[in-house]
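These numbers were taken from a predicted model, which means no experiment stands behind them.
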Amino acid sequence: MIWIAIAIQLTLSAGLLWAAWQVWMLKKALTATVKTVDGWTEACQNGLQVSSPSLEIARGGVGSLREQYQKLQMQLERIRKLLSVLGRGVSFLGSRWQKSSKGSSNSLNNKSSNRSSGSRSSGSKHNVKRRR
């Protein structure tokens, strides 16, 4: 009975020793990580202190570019609206032109069909069938 208690105590001791060792390794890894991040932070701060005039110039350039971009966006919207109006006008005029040309061609076809033989009139009937 005492040997069982001793075995359980040794097993628990070994397990707790292994857990303590893992915690110690985790602490080492976290310490190394903190040192690395601190080094990066210090390097970034040193870099920003040295290059602050260039950062101010860059900020000014970014501001002017944003203003230009907004102006260009407004111009682009105007151009889109203008092109939309022109497109509608062209399509309206195109449809009018097609109607007028069909009307004149129909009147010409009617005149020519009355004068010529029936071969053209059968062709126009054939075209009508295709369109349907």
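The structure places CG of Leu93 at 10.5 Å from OG of Ser100, a figure rounded to the nearest 0.5 Å. Ile79 contributes atom CD1, which lies 13.5 Å from atom OG of Ser84 (distance to the nearest 0.5 angstrom). One distance of note links CG of Leu72 with CD of Glu77; it measures 12.0 Å at 0.5 Å rounding. Atom OG1 in Thr11 sits 10.5 Å away from atom CG in Leu16 (nearest 0.5 Å). To the nearest 0.5 Å, the span separating CD on Gln68 from CD on Gln75 amounts to 10.5 Å. For the atom pair Arg80 CZ and Leu76 CG, the distance stands at 4.0 Å (nearest 0.5 Å).
Between Leu65 and Tyr69, the closest side-chain pair of non-hydrogen atoms is not below 4.5 Å.
Among Thr31, Val37, Asp38, the one residue that satisfies the side chain to side chain contact (heavy atoms under 4.5 Å, CB included) test with Lys35 is Thr31.
Cluster annotation: Ile4 and Leu12 are assigned to the same hydrophobic cluster (Ile/Leu/Val/Met/Phe/Trp/Tyr, side-chain heavy-atom contacts under 4.5 Å, transitive). Leu17 and Val23 are assigned to two separate hydrophobic clusters, defined by single-linkage of ILVMFWY side chains at heavy-atom distances under 4.5 Å.
Listed by chain and residue number, nothing satisfies the side-chain hydrogen bond (donor to acceptor under 3.5 Å, both in side chains) test with Glu42 (two or more places apart in sequence, or in another chain).
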